[in-house]
Every structure is written in structure tokens, then in C-alpha cells.
Amino acid sequence: MTPFSLNIRGRLVEYDERPAVMGIVNITPDSYFSDSRAFASDDAVRRRVATLMEEGADMLDIGGYSTRPGAAEVSAAEESDRLERGLRLLRGEAGYDIPVSVDTFRAEVARAAVTAWGADMVNDISGGLLDAGMLALVAESGVPYILMHMRGTPQTMTELCEYPHGAVADTLAELAERVGAAALEGIADIIVDPGFGFSKTLGQNWELMRGLELFKTLRRPLLVGVSRKSMLTKALGIPTENALNATTALHALALDRGADILRVHDVRAAREAVDVYMQLKS
């Protein structure tokens with residue numbers, strides 16, 4: 001881990017003692033792990049948020065558009081409706097001290113989430129490539145930006161897995177270009193995410209994990225999102241519901257390779273992985 005800090009609405013939040021754990025809240029009916037969905041009712045949202053807080057989340061990430069491979073298209077209006085409801089309920093349950101990122105690639109949705117609904121950060125799976133206005137919006141808002149690597153859209157990304165120089169080298173180069181574009185736009189706090197499962201084959205995901213330390217050369221906080229993903233379920237031949245042990249093992253490997261933030265479905269298990277890692281380092 002490399003210590004880092006984030007400007008959260010004028011408040012400097014420092015992460016200098018241990019890697020952070022970000023808990024996932026999905027206001028969707030079709031995200032790939034059913035237990036992360038908080039779509040059915042207001043009480044479902046409250047229960048999901050309460051669980052993540054009780055288990056020790058350092059951050060929360062809320063999304064209204066499932067971005068699993070081949071996910072159905074969701075209109076901006078529907079995504080906005082889901083996020084407005086979800087963020088208001090989230091803040092009602094969790095308060096305003098915990099940083100919250102909104103998972104969207106649409107600038108208009110991000111703007112409303114940040115200015116009206118209580119989001120502190122923007123988590124963009126496309127690194128600004130799916131909406132030309134995103135980088136300017138984030139810079140104008142002054143919020144931290146999670147910049148992930150992906151090619152195409154959730155509907156087309158599985159067809160865009162050619163990496164002539166290898167998955168690590170090409171992903172790193174493409175991320176570096178987007179980090180440069182974001183910095184030139186005026187975004188100060190940039191978190192990078194290599195995009196496990198996005199525009200990568202099973203083998204390429206494992207190649208990324210083996211070379212994860214190289215992403216530290218971007219000199220930005222490194223977020224890793226591998227929780228219960230198909231790189232585990234396909235490799236081990238298990239359903240998503242049985243992938244917690246494998247996820248925890250992979251989290252430990254990611255931490256040892258420099259992960260600064262783990263984006264997870266299961267906060268308690270991730271916190272324990274972080275605690276074990278810190279015991280080793282101390």
C-alpha cells in the first residue's frame with residue numbers, strides 16, 4: 001500500500017494506516033451477485049447499507065446500471081431514478097461522514113449525484129470514453145475520480161480483448177493515457193482501476209493480477225475489484241455464491257501486490273484480509 005489522501009468536499013481524508021475497503025451497493029435487479037442487490041424495496045437498501053457499515057466499510061460505492069458482460073441497456077432516466085432513491089436512502093442510513101462514490105459513466109447522472117443526491121466521488125468504468133463530458137464535469141465538481149480501464153461498452157467489451165503487447169502492457173498504456181487526459185482537464189484526485197473482468201479474457205485477468213505491481217508506476221491510488229468475479233468462478237468451476245473463500249485469497253494477493261483499495265461485496269472478509277496483511281507487514 002502507498003499512503004494517499006482524498007479531498008472529500010473540502011475535507012482531507014487520509015488513508016495512511018492500511019488499505020481501504022469499499023463496499024458495493026447495487027440498486028439493480030441484475031447485478032451478477034444477488035446478495036449485493038438492494039433493488040426490491042427501500043428496506044432492502046437500508047439493510048444492505050447497514051450491513052456494510054457494521055462490517056467496517058471505509059467507503060461505499062453505489063450503482064444503478066449493471067455493467068456485467070452483456071448486461072441490458074439502462075436509460076439515463078432509469079439510472080437516475082434508481083440512484084436518486086438509493087443515495088437518499090444510503091445517506092439516511094449511513095450519514096455523511098463515510099465517502100460515497102457513484103458508479104456511472106454518464107456525466108449528466110454523475111452531476112446530479114454529486115450536486116443533489118450526496119455522492120462524494122465518481123466511479124467511471126470507461127475512464128471518460130463513453131461520455132465526452134465526464135472529465136470536465138468531474139474537474140468542475142472537484143471530486144475524486146475512479147478511472148477504470150475498459151474498451152467498448154458492457155454490451156461489446158467481450159469482443160475487444162486483443163492486446164498485441166500483452167494485457168498488462170497495453171492496459172497500463174491505455175490507463176496512462178486516460179490518467180493524463182483527466183489530469184490535463186484539472187482532476188486532482190485520480191484513483192486507477194485496471195478493470196478486472198472488463199474487456200479481458202480469463203487468462204488476461206490472471207495476467208493482470210500477476211503484473212499488478214506495475215500499475216503502481218502510475219503513481220495513483222490503486223483500486224482492485226475482483227470480488228466474486230468470473231476469473232474465480234470459471235477458474236474453479238464454482239457458482240458466484242460459493243466464491244467468498246477464493247475472493248479473500250485473491251484479495252490477499254492483490255494487497256501484497258500493492259492494492260490500496262479493495263472494492264468488495266463482503267466487507268467483513270475483506271477487512272480481515274487487510275488485517276492479516278497488516279499483521280504480516282508490521
Side-chain angles (χ1 to χ4, degrees), residues 1-4 6 15-26 31-36 48 51-63 67-68 98-99 101 103 123 125 146 148-149 167-168 171 175 191-198 200 202-216 218 220-282:
M1 177 200 176
T2 303
F4 66 98
L6 298 174
Y15 300 89
D16 54 3
E17 296 183 355
R18 58 174 177 79
V21 175
M22 171 184 281
I24 299 168
V25 182
N26 286 318
S31 294
Y32 67 88
F33 180 48
S34 60
D35 285 2
S36 72
R48 177 65 181 163
T51 296
L52 296 175
M53 296 290 291
E54 289 166 7
E55 293 184 353
D58 301 294
M59 309 169 175
L60 297 176
D61 183 60
I62 185 167
T67 53
R68 61 180 173 78
I98 187 168
S101 70
D103 184 352
N123 180 8
I125 60 168
I146 302 171
M148 197 191 83
H149 176 268
V168 174
T171 298
L175 262 181
I191 298 164
V192 296
D193 178 351
F196 287 92
F198 290 80
K200 284 95 179 173
L202 177 60
Q204 288 164 349
N205 283 316
W206 288 103
E207 184 181 342
L208 281 188
M209 184 57 68
R210 285 191 291 272
L212 189 64
E213 288 173 299
L214 292 172
F215 290 89
K216 302 293 281 188
L218 295 172
R220 305 284 181 170
L222 176 60
L223 183 149
V224 170
V226 293
S227 181
R228 297 179 181 265
K229 285 191 172 178
S230 62
M231 67 181 289
L232 294 168
T233 59
K234 288 182 179 178
L236 301 179
I238 57 175
T240 305
E241 291 72 19
N242 294 347
L244 178 56
N245 288 344
T247 294
T248 304
L250 195 55
H251 281 159
L253 296 173
L255 292 167
D256 199 47
R257 287 163 169 77
D260 300 302
I261 304 170
L262 299 177
R263 181 179 181 274
V264 308
H265 299 98
D266 309 278
V267 167
R268 178 173 287 115
R271 281 294 302 264
E272 289 175 355
V274 168
D275 290 344
V276 169
Y277 169 76
M278 295 307 296
Q279 287 293 322
L280 177 67
K281 290 300 180 182
S282 65

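FYI, the numbering just counts along the sequence from 1. In this text, all values refer to a predicted model and were calculated from it rather than measured experimentally. Quick note: numbers below take in every heavy atom, side chains included, and nothing from hydrogens, waters or symmetry partners.
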- Item | Residue pair L60, M53: steps toward the side chain to side chain contact (heavy atoms under 4.5 Å, CB included) verdict | CA-CA 9 Å; L60 297 176; M53 296 290 291; 4.2 Å; yes
- Where do D193 and R263 land on the salt bridge (charged side-chain N to carboxylate O under 4.0 Å, His left out) test, with the steps shown first? CA-CA 10 Å; D193 178 351; R263 181 179 181 274; over 6 Å; no
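Here the closest non-hydrogen pair linking V267 and G23 is CG2-CA, 3.9 Å. Of all non-hydrogen atoms in A270 and V21, the two that sit nearest each other are CB-CG1, 3.9 Å. Contact record, H265 with S227: ND1-OG, 2.7 Å, taken as the closest heavy-atom pair. Residue I98 comes nearest to A57 through the heavy atom pair CD1-O, 3.5 Å, listed as atom of the first residue, atom of the second, then distance. When every heavy atom of A20 is checked against every heavy atom of M59, the shortest pair comes out as CB-CE, 4.2 Å. Across every non-hydrogen atom of R210 and G203, the tightest pair is NH2-O, 4.4 Å.
Judged by distance alone, with hydrogens and angles left aside, the side-chain atoms of N205 form a donor-acceptor pair with the main-chain N or O of G197 at under 3.5 Å. The backbone N or O of V168 sits nowhere less than 3.5 Å from a side-chain atom of T171 that would complete a donor-acceptor pair. At distances below 3.5 Å, at least one donor-acceptor pair connects side-chain atoms of R257 with backbone N or O atoms of M209. Between the side chain of D260 and the main chain of L222, a donor-acceptor pair closer than 3.5 Å is present. Between the side chain of K200 and the main chain of L208, no donor-acceptor pair closer than 3.5 Å is present. Formation of a donor-acceptor pair under 3.5 Å by the K234 side chain with backbone atoms of L202 is not found in this model. Of the possible polar contacts, one joining the R48 side chain to the I24 backbone as a donor-acceptor pair under 3.5 Å is found.
A heavy-atom distance below 4.5 Å is found between the side chains of D256 and K281. Between M278 and P19 there is a side-chain heavy-atom pair separated by less than 4.5 Å. Within the 4.5 Å cutoff, side-chain heavy atoms of P194 are placed close to those of L212. Side-chain atoms of W206 and M231, non-hydrogen and from C-beta on, do get closer than 4.5 Å to each other. Put simply, the side chain of V224 does not reach to within 4.5 Å of the side chain of F215, judged on heavy atoms.
The OG1 atom of T240 lies 12.0 Å from the NZ atom of K229; values are rounded to the nearest 0.5 Å. Here CG of L6 is found 4.5 Å from CD1 of I191. Values are rounded to the nearest 0.5 Å. Rounding to the nearest 0.5 angstrom, the gap separating the CG atom in D58 from the CD1 atom in I261 is 9.0 Å. Rounding to the nearest 0.5 angstrom, the gap separating the OG1 atom in T51 from the CG atom in D266 is 11.0 Å. Expressed to the nearest 0.5 Å, how far CD of E55 lies from CG of L52 amounts to 6.5 Å.
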What side-chain donor-acceptor pairs closer than 3.5 Å can you find for residues 245-252, not counting sequence neighbours?
{"residue": "T247", "atom": "OG1", "partner": "R228", "partner atom": "N", "Å": "2.9"}
{"residue": "T247", "atom": "OG1", "partner": "A243", "partner atom": "O", "Å": "2.8"}
{"residue": "T248", "atom": "OG1", "partner": "L244", "partner atom": "O", "Å": "3.0"}

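Take N123 and apply the side chain to side chain donor-acceptor pair (under 3.5 Å) test, not counting sequence neighbours, and it matches D61.
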